[in-house]
Amino acid sequence: MEFRPFLFSALLLTSSAVLADSGEQLMQQGSELAGQGQVGQALEHWQQALTAFRAEGQQAGQTRAWYRIGMLHFQHHRDSDALQAFNQAQYLLQKHPHAAMQSAVSAAMGSVYLQLGDLNQAAPLLTDALTLARQQRLSGQSAAILNDLGSLAVRQGRYATAIAQYQEALSLTANESRLGLLRIRIYSNAMVAAQRAGNHRQV
């Protein structure tokens, strides 16, 4: 069974508050299009949102737009394009830090490198993302990152570490109904890790 990185998408959700400007409207429209599977149109709306946010001088909006663009590319296996978008988000975050978004971007980049099999690049990004998520008490995001760290540990043959990370992730999702899909993914990965650990001990 393949260990597919699971990206926590809570930061992709737009607030239910009244949309303040055209950049936010374009972001919302892009999200709706992405949910309908209209990938090209969603990407176009988010790119337009970038232009609008630049004109409005909104650094935070630009960061979120780059993040969503990167996520869309990653979800459709365009890893190089995803990393370019996430690097743009990282650049903006260096000038205007935001801990929760920094965690999300670092976790996303770590997941891309994990998928590419570059564990040396993935490990520090995921570790830093987890530290920030814990500091912000983002239980769902922490669980998703722990899931990726568990998958990384499995690939390195560190099964006990992987199982411990999956168990911690499961504990974070225990009372969160909105994280049901993530919990199922973590549980499945934990079972595979336990099976591999058992087979390894028998060799």
Side-chain angles (χ1 to χ4, degrees), residues 1-12 66-90 93 99-174 176 179-203:
M1 178 178 180
E2 181 184 0
F3 284 85
R4 169 74 176 172
F6 190 100
L7 292 178
F8 183 60
S9 59
L11 287 179
L12 297 184
W66 278 121
Y67 175 67
R68 294 191 190 191
I69 290 169
M71 289 284 288
L72 194 65
H73 283 311
F74 177 69
Q75 290 162 357
H76 290 83
H77 307 283
R78 298 193 287 264
D79 297 327
S80 178
D81 290 335
L83 285 173
Q84 288 181 23
F86 293 141
N87 277 322
Q88 290 292 333
Q90 287 275 43
L93 284 165
M101 182 58 75
Q102 180 65 64
S103 174
V105 172
S106 294
M109 293 181 72
S111 291
V112 175
Y113 283 117
L114 180 58
Q115 178 167 284
L116 291 171
D118 191 341
L119 306 187
N120 290 332
Q121 290 276 14
L125 286 163
L126 292 171
T127 300
D128 290 346
L130 180 60
T131 298
L132 289 169
R134 282 173 168 163
Q135 289 173 353
Q136 298 298 308
R137 299 184 179 181
L138 301 171
S139 59
Q141 192 159 309
S142 296
I145 298 166
L146 283 162
N147 180 58
D148 277 359
L149 282 168
S151 298
L152 187 150
V154 166
R155 295 187 184 190
Q156 295 174 327
R158 298 184 295 115
Y159 300 113
T161 297
I163 291 169
Q165 288 168 329
Y166 289 137
Q167 288 174 336
E168 183 181 352
L170 287 170
S171 70
L172 290 171
T173 61
E176 296 278 358
L179 302 177
L181 180 60
L182 173 59
R183 184 173 175 79
I184 291 170
R185 179 66 61 86
I186 296 167
Y187 183 81
S188 176
N189 285 346
M191 292 300 98
V192 173
Q195 182 180 21
R196 292 188 182 181
N199 291 339
H200 179 73
R201 284 194 295 267
Q202 294 173 16
V203 174

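Computation of the quantities below employed the complete heavy-atom set of this structure, encompassing side-chain atoms and omitting hydrogens, waters and symmetry-equivalent molecules.
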A.B. asks: Test Y67 against every option in V105, L72, L93 by the side chain to side chain contact (heavy atoms under 4.5 Å, CB included) rule and name the one that passes.
C.D. replies: V105
A.B. asks: Would you say the side-chain atoms of T127 pair up with the backbone N or O of P124, donor to acceptor, closer than 3.5 Å?
C.D. replies: no
A.B. asks: Work out which heavy atom in L152 is nearest to a heavy atom in L126; give both atom names and the distance.
C.D. replies: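 Reported closest heavy-atom pair: CD1-CD1, 4.2 Å.
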A.B. asks: Kindly compute the distance separating NE2 (H73) from CD (Q84), expressed to the nearest 0.5 Å.
C.D. replies: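 That separation rounds to 8.0 Å.
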A.B. asks: Distance check, rounded to the nearest 0.5 Å: R134 atom CZ versus L146 atom CG?
C.D. replies: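 Interatomic distance, R134 CZ to L146 CG, rounded to 0.5 Å: 5.5 Å.
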A.B. asks: For I184, is there any backbone N or O sitting under 3.5 Å from a side-chain donor or acceptor partner on S188?
C.D. replies: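 Between the backbone of I184 and the side chain of S188 there is no qualifying donor-acceptor contact (under 3.5 Å).
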A.B. asks: To check you understand the geometry: which heavy-atom pair defines the closest contact between I163 and A193, and what is its length?
C.D. replies: CG1-CB, 4.1 Å
A.B. asks: Output the distance between atom CG (L130) and atom OG (S106), rounded to the nearest 0.5 Å.
C.D. replies: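 That separation rounds to 11.5 Å.
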A.B. asks: Identify, with sequence neighbours excluded, every residue that meets side chain to side chain contact (heavy atoms under 4.5 Å, CB included) alongside D79.
C.D. replies: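 Residues passing side chain to side chain contact (heavy atoms under 4.5 Å, CB included) with D79: F74, V112, Q115, L116.
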A.B. asks: Regarding Q136 and S103, is there a side-chain donor-to-acceptor distance under 3.5 Å anywhere?
C.D. replies: no
A.B. asks: Nearest heavy-atom pair of G140 and L182: which atoms, and what distance?
C.D. replies: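 Of all heavy-atom pairs spanning G140 and L182, the closest is O-CD2, 3.8 Å.
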A.B. asks: Which atom names give the shortest non-hydrogen contact between R196 and Y159, and what distance separates them?
C.D. replies: CB-CE2, 3.7 Å
A.B. asks: I'd like to know if the side chain of Y166 reaches the main chain of S151, judged simply by a donor and an acceptor atom lying under 3.5 Å from each other, with no hydrogens or angles considered.
C.D. replies: yes
A.B. asks: Quick check for you: to the nearest 0.5 Å, what is the distance between R183 atom CZ and L170 atom CG?
C.D. replies: 5.0 Å
A.B. asks: Just by distance, do the side chain of N87 and the backbone of L83 share a donor-acceptor pair under 3.5 Å?
C.D. replies: yes
A.B. asks: Any chance you could measure L149, atom CG, to L114, atom CG, to the nearest 0.5 Å?
C.D. replies: 9.0 Å
A.B. asks: How far does CG of L125 sit from CG of D148, to the nearest 0.5 angstrom?
C.D. replies: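 L125 atom CG to D148 atom CG measures 11.5 Å (nearest 0.5 Å).
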A.B. asks: Ignoring hydrogens, what is the shortest heavy-atom contact between A100 and Q141? Give both atom names and the distance.
C.D. replies: O-NE2, 3.6 Å
A.B. asks: Indicate the atoms forming the closest heavy-atom contact of S139 with E176, along with that distance.
C.D. replies: OG-OE2, 3.8 Å
